[in-house]
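The structure appears below as structure tokens.
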There are 2 protein chains.
Amino acid sequence: MHVTITDNQPLVFRAEAQKILQDAQTAASICPVRHVLDRIGDKWSLLCILHLGATDTLRFNELRKQIGDVSQRMLTVTLRSLEADGLVQRHVYAEVPPRVEYQLTPLGHSLLVAFSGLGTWANAHAQEVAQARQAFAAREKSEG
Amino acid sequence: MHVTITDNQPLVFRAEAQKILQDAQTAASICPVRHVLDRIGDKWSLLCILHLGATDTLRFNELRKQIGDVSQRMLTVTLRSLEADGLVQRHVYAEVPPRVEYQLTPLGHSLLVAFSGLGTWANAHAQEVAQARQAFAAREKSEG
DNA sequence: CGGCATCCCGGATGATACTG
DNA sequence: CAGTATCATCCGGGATGCCG
């Protein structure tokens with residue numbers, strides 16, 4: 001998606017934001033956007049979704065290895081939460097040693113698609129953000 | 001965006017996720033996705049961005065009122081963080097009483113666009129997630 | 001009005017040890 | 001292998017009070 005930004009064009013964006021906020025206030029007094037963010041805004045959920053989305057099916061320790069620095073406990077907790085939300089499917093095989101496989105549900109896939117925009121943004125603008133932060137720190141220092 | 005999900009089609013999603021993860025591992029050892037998520041994954045950042053995107057320019061207490069239940073402290077902290085990241089512009093008017101206005105930068109607008117997919121997903125699937133959670137809770141209870 | 005400093009609590013997260 | 005249980009820790013974030 002290519003976006004050109006001029007002085008008088010942010011109306012497009014404004015409409016976007018207004019639509020989200022408006023839809024968000026329909027049903028309950030609790031904004032669904034905040035609700036979902038509370039769920040997947042934690043440290044590991046989206047990483048799990050990304051990795052599961054990238055590899056289709058993963059065993060517990062495979063997923064753990066891919067993410068790298070997640071503790072066993074937190075991976076368990078996170079996966080349970082995702083399972084409860086209907087985003088991840090858990091499949092236990094009655095074997096010795098045990099084997100447990102995880103994969104995204106259709107709902108999880110749809111979230112992955114919705115998230116892809118944010119993911120590509122992160123990769124595209126990471127440097128820009130880093131620079132902005134440096135500039136801000138410098139400004140603060142000189143004014144401090 | 002309309003998405004049809006069949007058994008043999010998740011390759012599309014897999015490619016999505018793989019691309020994000022792949023891009024994310026290029027530059028540094030620190031994944032930009034996680035970095036950005038750490039920034040905007042907190043309780044208030046995205047809400048600020050949404051409201052600023054919806055209204056263009058807002059004063060401190062206007063924004064606070066719109067969000068509703070954010071403490072003064074957290075709104076300040078959040079806005080500072082967003083400013084440091086180059087997502088929000090802060091404008092102080094030398095008046096008495098003081099007036100401080102906030103608005104999104106172009107970078108902030110681009111993030112809003114990237115986020116819109118997630119926002120609409122949240123609104124569209126909030127109910128589905130709620131149902132899944134209920135079903136999960138019921139399952140857990142019966143299995144005890 | 002907008003913001004900073006201080007205190008403090010609770011939940012999120014980690015480390016470690018044990019189990020089916 | 002894939003957890004569960006327990007304890008320790010850390011930090012987000014709320015409450016309050018003061019300031020320019």
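Note that the coordinates shown come from a computational prediction; the quantities given were computed from them, not determined experimentally. Order of the sequence lines fixes the chain letters, A, B, ..., with proteins taken first and strands second; residue numbering starts at 1 for each chain.
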Just to be sure I understand the rule, does Tyr102(B) reach a base, reach only the sugar-phosphate, or reach nothing, if contact means heavy atoms closer than 4.0 Å?
sugar-phosphate
Closest non-hydrogen contact found for Arg64(B) with Val70(B) is NE-O, 3.1 Å
Would you mind reporting whether Cys48(B) and Leu75(B) have side-chain heavy atoms less than 4.5 Å apart?
yes
Would you call Glu101(B) and Arg99(B) a salt bridge, taking side-chain N to carboxylate O under 4.0 Å as the test?
yes
Does a donor on one side chain and an acceptor on the other come within less than 3.5 Å for Gln89(A) and Tyr102(A)?
no
Categorize Arg80(B) for me: base, sugar-phosphate, or nothing, with a 4.0 angstrom heavy-atom threshold over every strand shown.
sugar-phosphate
Return the value, rounded to whole Å, for the distance between atom CZ of Arg99(B) and atom C1' of dC1(C).
11 Å
If we count only N and O atoms by modelled type, under 3.5 Å, do the side chains of Asn123(B) and Thr120(B) hold a donor and an acceptor together?
no
What about Val88(A) and Val100(A), same hydrophobic cluster or not, with Ile/Leu/Val/Met/Phe/Trp/Tyr joined at side-chain heavy-atom distances under 4.5 Å?
yes
Side chains of Ile40(B) and Leu118(A): does their closest heavy-atom pair fall under 4.5 Å?
yes
N/O (side chain, Arg59(B)) to phosphate O (OP1/OP2, dG3(C)) under 4.0 Å:
no
Check whether any side-chain heavy atom of Arg133(B) sits under 4.5 Å from a side-chain heavy atom of Arg39(A), and report yes or no.
yes
Have a look at Glu95(B) and say if it touches a base, only the backbone sugar-phosphate, or nothing, with a 4.0 Å heavy-atom cut-off.
nothing
Note, Leu50(B) side chain near Phe115(B) side chain (heavy atom, < 4.5 Å):
yes
Rounded to whole angstroms, how far apart are CD on Glu62(B) and P on dG3(C)?
13 Å
Can you name the atoms? Protein N/O to nucleotides 11-15 of chain C N/O, anything below 3.5 Å, with the distance.
| from | atom 1 | to | atom 2 | distance (Å) |
| --- | --- | --- | --- | --- |
| dG14(C) | OP1 | Lys43(A) | NZ | 3.2 |
| dG14(C) | OP2 | Trp44(A) | NE1 | 3.4 |

For the pair made of CG in Leu79(B) and P in dG2(C), what is the distance, rounded to whole Å?
11 Å
Please work out if Arg90(A) contacts a base, only the sugar-phosphate, or nothing of the nucleic acid, heavy-atom cut-off 4.0 Å.
sugar-phosphate
In the structure I gave you, are the side-chain heavy atoms of Gln66(B) and Thr55(B) within less than 4.5 Å of one another anywhere?
yes
Of all nucleotides in DNA chain D with an atom under 4.0 Å from a non-hydrogen atom of chain B, which is the first and which the last going 5' to 3'?
dG13(D) to dG20(D)
Axis-to-axis angle across the helix from dC1(C)-dG20(D) to dG20(C)-dC1(D), five pairs an end, to 10 degrees?
50°
Shortest non-hydrogen separation from Phe136(B) to Arg80(A) and the atoms involved
CZ-O, 4.3 Å
